[in-house]
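Note sheet for the following structure.
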Amino acid sequence: MFIDDVERVLISEEEIDKRCKEIGAQISKDYSGKTPVVLGLLKGSIPFMAELIKHLSIDCEIEFMAVSSYSGTESNGDVKIVKDLDRSIIGEDVIIVEDIVDTGKTLEKVKELLYSKGANSVTVASLLDKPDRRIIDIEAEYVGFVIPNEFVVGFGLDFNQKYRNLPFVGVLKEECYK
Ligand code: IMP
């Protein structure tokens with residue numbers, strides 16, 4: 001069973017639930033009186049996005065974009081927009097929802113694109129942050145958990161498209177990706 005590939009749980013389902021509530025409350029406060037466009041980056045943001053928007057007590061719209069750069073456990077650094085927005089975001093306040101900020105290349109590219117399309121403001125909510133791997137000087141405004149430099153899966157994060165459906169964030173056994 002795929003669950004047997006997990007060496008250990010890094011962040012439990014309960015911890016994620018609790019943190020999503022806290023971030024949802026903070027965003028609701030910060031965006032009070034506004035209607036932000038909450039923009040999930042497919043596919044890794046899906047579980048976090050679903051959990052987070054339940055805790056927004058303000059009006060919001062949701063959209064998705066797909067961006068790719070990873071193969072296996074390594075980013076090839078070449079960020080491609082696989083599915084672009086199909087609506088105008090001129091003058092909108094956008095909150096990008098991401099699974100993890102790693103090198104920062106994805107966010108740099110997406111933020112640049114959104115501003116070039118006329119967004120009024122762009123902030124980032126990321127479930128995880130791996131600061132040790134950062135190449136681009138970029139930070140998410142809302143971070144669920146800061147993690148060490150380890151390859152993690154679950155709650156949206158994949159290894160070769162698998163393990164996204166784990167309800168927690170965990171570390172894989174080395175033999176599964178080596
Ligand atoms: P960045 O552009 O290097 O910041 O990478 C962002 C993307 O890399 C994320 O959206 C993930 O899809 C992927 N990624 C980075 N670290 C991990 C990891 O530990 N597990 C799974 N995917 C990861």
Side-chain angles (χ1 to χ4, degrees), residues 2-13 15-16 19-20 23 27 37-53 62-85 94-116 119 122-178:
F2 76 110
I3 193 112
D4 300 325
D5 296 346
V6 175
E7 185 183 276
R8 66 181 196 282
V9 174
L10 200 63
I11 308 164
S12 71
E13 201 173 347
E15 289 174 290
I16 296 172
R19 198 68 191 107
C20 287
I23 297 174
I27 292 176
V37 175
V38 183
L39 173 63
L41 300 189
L42 295 170
K43 305 166 195 165
S45 70
I46 290 276
F48 179 45
M49 173 98 162
E51 194 56 37
L52 186 63
I53 59 173
I62 68 167
E63 296 292 341
F64 289 98
M65 270 176 72
V67 182
S68 84
S69 72
Y70 255 65
S71 167
T73 60
E74 278 308 313
S75 167
N76 61 26
D78 179 19
V79 180
K80 288 193 190 73
I81 307 294
V82 178
K83 178 197 174 294
D84 204 344
L85 277 169
V94 183
I95 304 171
I96 300 171
V97 179
E98 177 61 308
D99 52 1
I100 186 166
V101 190
D102 189 34
T103 63
K105 287 182 180 175
T106 303
L107 281 182
E108 182 190 43
K109 171 99 177 187
V110 176
K111 273 185 117 167
E112 224 173 71
L113 182 76
L114 296 174
Y115 277 122
S116 77
V122 182
T123 60
V124 178
S126 182
L127 175 68
L128 304 176
D129 184 8
K130 224 193 257 180
D132 294 350
R133 292 253 311 166
R134 203 75 93 252
I135 291 172
I136 310 289
D137 184 19
I138 203 164
E139 295 302 326
E141 282 74 7
Y142 308 97
V143 172
F145 304 88
V146 176
I147 62 164
N149 186 8
E150 273 187 298
F151 190 79
V152 293
V153 294
F155 213 80
L157 292 119
D158 73 307
F159 171 63
N160 285 346
Q161 300 303 327
K162 279 170 64 193
Y163 308 107
R164 292 191 198 274
N165 54 322
L166 288 170
F168 53 79
V169 174
V171 178
L172 279 183
K173 288 180 182 158
E174 214 173 270
E175 69 247 34
C176 300
Y177 59 87
K178 278 280 148 74

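When a ligand or atom number is given, it counts from 1 through the structure's own listing order. Bear in mind that the values here come from a model prediction, so they are computed numbers and not experimental data. Index from 1, following the sequence.
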Problem - Under 4.0 Å to a heavy atom of Asp158 - the qualifying atoms of ligand 1, by number - result: 21 (C)
Practice task
Just jot down the side chain to side chain contact (heavy atoms under 4.5 Å, CB included) partners of Val110, sequence neighbours excluded, or say none.
Solution key: Leu41, Met65, Val67, Ile96, Thr106, Leu114
Handout entry: Gap between atom CZ of Phe155 and atom OG of Ser45 - 0.5 Å precision
Key = 11.0 Å
Problem - Test of proximity, Val79 against ligand 1: N or O pairs below 3.5 Å - result: no
Problem - Ligand-residue contact atoms, ligand 1 with Gly104, heavy atoms, under 4.0 Å - result: 1 (P), 3 (O), 4 (O)
Completion exercise
Checking heavy atoms under 4.0 Å, the part of Leu157 that sits near ligand 1 is side chain
Exercise for the section: Taking Tyr115 for its side chain and Val122 for its backbone only, find out whether a donor-acceptor pair lies under 3.5 Å. Expected result: yes
Completion exercise
Rounding to 0.5 Å, atoms CG (Leu128) and CD1 (Ile11) come to a distance of 5.0 Å
Exercise for the section: For ligand 1, find out whether one of its N or O atoms is nearer than 3.5 Å to an N or O atom of Val101. Expected result: no
Exercise for the section: Indicate, as side chain, backbone, both or neither, the part of Asp99 found under 4.0 angstrom from ligand 1 when only non-hydrogen atoms are considered. Expected result: side chain
Problem - Salt-bridge present (Asp132, Lys130; N to O < 4.0 Å) - result: no
Problem - Close-contact set for ligand 1 against Glu98 heavy atoms, below 4.0 Å - result: 10 (O)
Fill in the blank from the handout: Numbered in order shown, the ligand 1 atoms found under 4.0 Å of a heavy atom of Thr106 are 1 (P), 2 (O), 5 (O), 6 (C)
Problem - Element-labelled atoms of ligand 1 that are located less than 4.0 Å from some non-hydrogen atom of Glu150 - result: 19 (O)
Contacts under 3.5 angstrom, residues 135-143 side chains, donor-acceptor by atom type, not counting sequence neighbours:
unit_1	atom_1	unit_2	atom_2	d
Glu139	OE1	Arg134	NH2	3.2
Glu141	OE1	Val124	N	2.9
Tyr142	OH	Asp30	OD2	2.7

Exercise for the section: Determine yes or no for a side-chain-to-main-chain donor-acceptor pair under 3.5 angstrom, with Arg133 supplying the side chain and Asp102 the backbone. Expected result: no
Exercise for the section: Output the list of atoms in ligand 1 that are nearer than 4.0 Å to some heavy atom of Lys130, sorted by atom number. Expected result: 16 (N), 17 (C), 18 (C), 19 (O)
